[in-house]
A.B. asks: 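Below is the structure I would like to discuss, written out as structure tokens.
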Amino acid sequence: MNDVARAAGVSQTTVSLVLNDPENSGIPEATQQRVLEAVRTVGYRTNRLARAMRLARTDTLGFVADDIATTPYANRMIKGAQDAAWEAGRLLLIVNTGSLDQADHAAREQSAIEQLLERQVDGIVLAAMFHRVIDPPPALADVRSVLLDARAHDDSLPSVVPDEYAAAHEATTLLIDHGHRRIGHLTTDYPSAAPGLRLAGYRDALLARGLPLDPSLEVTGISDTSGGRRMMERLLTLQHPPTAAFCYNDQAAMGAYQAAAHHGIRIPDELSIVGFDDQELIAAEIMPGLTTMRLPHEEMGRWAVRYLLDEGRAGTEPLHVRIRCEPVIRGSVGPPPSI
């Protein structure tokens, strides 16, 4: 800093003011520019370790994820979190702890959190691959933390998740508004919070419009393309098949497309389909384009980091925030054949 002061012809105090709080320094703009030019010429860099000791913060945040780095949604979650951190002048340290072995995964997660704490991060985001309810690692109690796409069993930590129930309700209502009365639901028994919430939203939307619940229209299977095809086959072979289907995710919806094609059924002329997720390599690419509910992963990532940085909330009760899933309207929904 002394070298910068000599190169700019100013005092070291002036250099410090320009580097630390230029907007409120009271230093003339021309002098500020001279100092910044000297910084570039000298090659000065702030000593982050010294600054962290002085301010009692490191301006770094941890982002611990399980398997999201291997999913189509990872880039959206990480982008939202990264953008929010970058806008606030913070560095985001991302650690992926995914492992097929549950015990190994727990050990990796614990180790990742401990190492981030050793680096004195100002906060930690713990992100899950799928919306689920978890027991947070105890070490998160030692730092300001937030759960992303997960919720604590005891609500001990703030969390942000997609509003699965409302999205399913909206998707089903969309089909009802197009005139459909027999609407199938392709779901899964995967151990996460999402299937139950989406099933509840589907059922309540039917009941809200005075439509009966028909157990034969609810089929459960693996939520991939082959599973979706098998589930749709079961619905199409009913004595009174549905004229529309709300699918647990876009992969299952793609399987439903395949089953419809196998039976010579045209979408949306004879069968309407709504998916969930808005997977860009599926929803926008199949023909016709898939109407779907977009998971708000980028918005959730942003919210999580902004919550960590909002020190005004420190000491308040943990929050549980649900973010709306926006419908993405494409070409897979139309009126039933009889209308």
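Just so it is clear, the structure is predicted and the values come from calculations on it, not from any experiment. Nothing fancy with the numbering, it's 1 onward along the sequence.
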A.B. asks: Salt bridge or not for E218 and R203, using N-O below 4.0 Å?
C.D. replies: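 Yes, E218 and R203 are salt-bridged.
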A.B. asks: Can V333 be reached from I265 by stepping across I, L, V, M, F, W or Y side chains whose heavy atoms are under 4.5 Å apart?
C.D. replies: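 Same cluster: I265 reaches V333 through Ile, Leu, Val, Met, Phe, Trp or Tyr contacts under 4.5 Å.
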A.B. asks: State plainly whether one hydrophobic cluster holds both V328 and L290, where clusters connect Ile, Leu, Val, Met, Phe, Trp and Tyr through side-chain heavy atoms under 4.5 angstrom apart.
C.D. replies: no
A.B. asks: Kindly say whether Q279 contributes a backbone atom to a donor-acceptor pair with the side chain of D277 at under 3.5 angstrom?
C.D. replies: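 Absent.
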A.B. asks: Strictly distance-based, threshold 3.5 Å: is any side-chain N or O of R209 a donor or acceptor partner for the main-chain N or O of I176?
C.D. replies: no
A.B. asks: Within this structure, what is the NE2-CZ distance for the pair H240 and R182, rounded to the nearest 0.5 Å?
C.D. replies: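 The distance works out to 7.0 Å.
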A.B. asks: Ignoring hydrogens and geometry, is there a side-chain-to-backbone donor-acceptor pair from D250 to D278 under 3.5 Å?
C.D. replies: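 Such a contact is found between D250 side chain and D278 backbone.
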A.B. asks: Is E164 close to R322 at the side-chain level, that is, under 4.5 Å between some pair of heavy atoms?
C.D. replies: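 Answer no - side chains too far apart.
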A.B. asks: At what distance, to the nearest 0.5 angstrom, does CD1 of I78 lie from CG of L148?
C.D. replies: 10.0 Å
A.B. asks: Counting N and O atoms only, with roles assigned by atom type, does the side chain of S332 sit under 3.5 Å from a partner on the main chain of T291, one being a donor and the other an acceptor?
C.D. replies: yes
A.B. asks: Out of curiosity, L186 CG to I273 CD1, how far, rounded to the nearest 0.5 Å?
C.D. replies: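 L186 CG to I273 CD1: 8.0 Å, rounded to 0.5 Å.
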A.B. asks: Can you tell me how far apart CD (E87) and CD (Q82) are? Round to the nearest 0.5 Å.
C.D. replies: 10.5 Å
A.B. asks: Test L126 against E109 for side-chain contact (heavy atoms from CB on, under 4.5 Å), laying out the working first.
C.D. replies: CA-CA 9 Å; L126 181 64; E109 186 174 76; 3.5 Å; yes
A.B. asks: A side-chain contact here means heavy atoms from C-beta on lying under 4.5 Å apart; do P327 and M293 qualify?
C.D. replies: yes
A.B. asks: To the nearest 0.5 Å, what is the distance between CG (L206) and NE2 (H185)?
C.D. replies: 10.0 Å
A.B. asks: Given the rule that I, L, V, M, F, W and Y join up when any side-chain heavy atoms are under 4.5 Å apart, are V35 and I27 in one cluster?
C.D. replies: yes
A.B. asks: Give a yes or no on whether the backbone of A168 and the side-chain of T172 come within a donor-acceptor separation of less than 3.5 Å.
C.D. replies: yes
A.B. asks: Could you tell me whether the side chains of H180 and S272 share a donor-acceptor contact shorter than 3.5 Å?
C.D. replies: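 Yes, S272 and H180 have a side-chain donor paired with an acceptor closer than 3.5 Å.
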A.B. asks: Tell me, with the steps shown, if N249 and Y190 meet side-chain contact (heavy atoms from CB on, under 4.5 Å).
C.D. replies: CA-CA 12 Å; N249 62 16; Y190 188 86; over 6 Å; no
A.B. asks: Please determine whether residues W86 and V95 belong to a single hydrophobic cluster, defined as Ile, Leu, Val, Met, Phe, Trp and Tyr linked transitively by side-chain heavy-atom distances below 4.5 Å.
C.D. replies: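 No, W86 and V95 fall in different hydrophobic clusters.
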A.B. asks: So, for L147 and A152, which heavy atoms are closest and what is the spacing to 0.1 Å?
C.D. replies: CD1-N, 3.4 Å
A.B. asks: For a 4.5 angstrom cut-off between non-hydrogen side-chain atoms, does L235 reach V219?
C.D. replies: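 Yes - at least one pair of side-chain heavy atoms lies under 4.5 Å apart.
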A.B. asks: Would a 4.5 Å heavy-atom cut-off, applied to side chains only, mark I183 and L217 as touching?
C.D. replies: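 A side-chain contact is absent here, since even the closest heavy-atom pair is not under 4.5 Å.
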A.B. asks: Taking R266's backbone N and O only, do any of them form a donor-acceptor pair with E270's side chain (distance below 3.5 Å, no angle check)?
C.D. replies: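 Checked: pair present.
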A.B. asks: Look at the side chain of T237 and the backbone N and O of R234, then say whether any donor-acceptor pair between them is shorter than 3.5 Å.
C.D. replies: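 Flag set: sc T237 to bb R234 pair under 3.5 Å.
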A.B. asks: Please state whether the rings of F276 and F246 are parallel, tilted or perpendicular, taking 30° and 60° as the class boundaries.
C.D. replies: tilted
A.B. asks: Which pair of heavy atoms, one from L271 and one from A244, lies closest together, and at what distance?
C.D. replies: CD1-N, 3.7 Å
A.B. asks: Can R151 and H320 be counted as having a side-chain donor-acceptor contact under 3.5 angstrom?
C.D. replies: yes
A.B. asks: Taking C-beta and beyond as the side chain, do D122 and L308 meet within less than 4.5 Å on heavy atoms?
C.D. replies: no
A.B. asks: With rounding to the nearest 0.5 angstrom, report the CG to CG distance, D83 to L92.
C.D. replies: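 If we round to the nearest 0.5 Å, D83:CG and L92:CG are 10.5 Å apart.
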A.B. asks: Could you tell me whether K79 and E298 have a side-chain N and a carboxylate O separated by less than 4.0 Å?
C.D. replies: yes
A.B. asks: Measure the shortest side-chain to side-chain distance between T243 and R181 over non-hydrogen atoms and say whether it is less than 4.5 angstrom.
C.D. replies: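 SC-SC contact between T243 and R181 ruled out.
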A.B. asks: Under 30°, 30 to 60°, or over 60°: which ring-plane class applies to Y307 and W303, parallel, tilted or perpendicular?
C.D. replies: parallel
A.B. asks: Locate the shortest heavy-atom distance separating G221 from T188; write the atom from each residue and the value.
C.D. replies: O-OG1, 3.2 Å
A.B. asks: Between A245 and M232, which heavy-atom pair has the shortest distance, and what is it?
C.D. replies: CB-SD, 4.1 Å
A.B. asks: Any link between Y248 and I286 through a network of hydrophobic side chains (Ile, Leu, Val, Met, Phe, Trp, Tyr) touching at under 4.5 Å?
C.D. replies: no
A.B. asks: Run the numbers on I329 and L174 for side-chain contact (heavy atoms from CB on, under 4.5 Å), then give the verdict.
C.D. replies: CA-CA 10 Å; I329 307 300; L174 173 68; 4.1 Å; yes
A.B. asks: Can you check whether L140's main-chain N or O pairs, donor with acceptor, with S145's side chain at less than 3.5 Å?
C.D. replies: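 Confirmed, S145 side chain pairs with L140 backbone.
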A.B. asks: Is the closest side-chain heavy-atom distance between E233 and H262 below 4.5 Å?
C.D. replies: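 SC-SC contact between E233 and H262 confirmed.
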A.B. asks: One thing to verify: whether E37 and R34 come together as a salt bridge, which I'm taking to mean a side-chain N less than 4.0 angstrom from a carboxylate O.
C.D. replies: no
A.B. asks: Taking H131 for its side chain and A150 for its backbone only, find out whether a donor-acceptor pair lies under 3.5 Å.
C.D. replies: no
A.B. asks: Shortest non-hydrogen contact from Y257 to G289?
C.D. replies: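 That would be OH-O, 3.7 Å.
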A.B. asks: Taking all non-hydrogen atoms of both residues into account, name the closest pair between D149 and A128 and its distance.
C.D. replies: O-CB, 3.6 Å
A.B. asks: Test side-chain contact (heavy atoms from CB on, under 4.5 Å) on L295 and M300; report intermediate values, then the result.
C.D. replies: CA-CA 9 Å; L295 282 167; M300 292 192 301; 5.9 Å; no
